[in-house]
Colleague: 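One structure coming up, written as structure tokens, with questions to follow.
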Amino acid sequence: MYTFEDGVFHKTPKRKSSGWGMWTFVGILALLFVYRSTRPQMRLRPDPPASFYGHNANWTQEERQHQRSEAQAYWRVAVRRIQTDYAPKRL
């Protein structure tokens with residue numbers, strides 16, 4: 001039976017929260033901050049790697065020198081233009 005005192009003096013027990021929801025939220029925010037603050041960067045070395053040059057046993061010394069200078073010219077273009085054009089952009 002419901003009485004007036006039951007409605008006035010009725011206390012609902014408080015639920016104990018462990019706080020894991022708040023810590024999960026804080027952790028997600030921290031991970032999101034770290035992810036957005038760091039960006040991978042790839043830098044090309046000023047000199048091309050040895051495997052960048054083509055080698056053919058039938059080439060003369062002049063042909064090898066020409067191929068080497070041509071490969072170095074391509075590499076300089078890659079370092080100056082392509083690396084800066086395709087660098088990761090900051091948001």
Colleague: What are the two closest non-hydrogen atoms of Trp59 and Arg64, and how far apart are they?
Modeller: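 Heavy atoms only, the tightest pair is O-NH2, 3.3 Å.
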Colleague: Quickly, which of Thr24, Val26, Leu31 forms a side chain to side chain contact (heavy atoms under 4.5 Å, CB included) with Ile28? Name it, please.
Modeller: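 Only match with Ile28 under side chain to side chain contact (heavy atoms under 4.5 Å, CB included): Thr24.
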Colleague: With rounding to the nearest 0.5 Å, note down the distance linking CD in Gln67 to CD in Gln72.
Modeller: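 It comes to 12.0 Å.
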Colleague: Say whether Glu62 and His66, considering side chains only, have a donor N or O and an acceptor N or O under 3.5 Å apart.
Modeller: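 No, because no side-chain N or O of Glu62 sits under 3.5 Å from a partner of the opposite role on His66.
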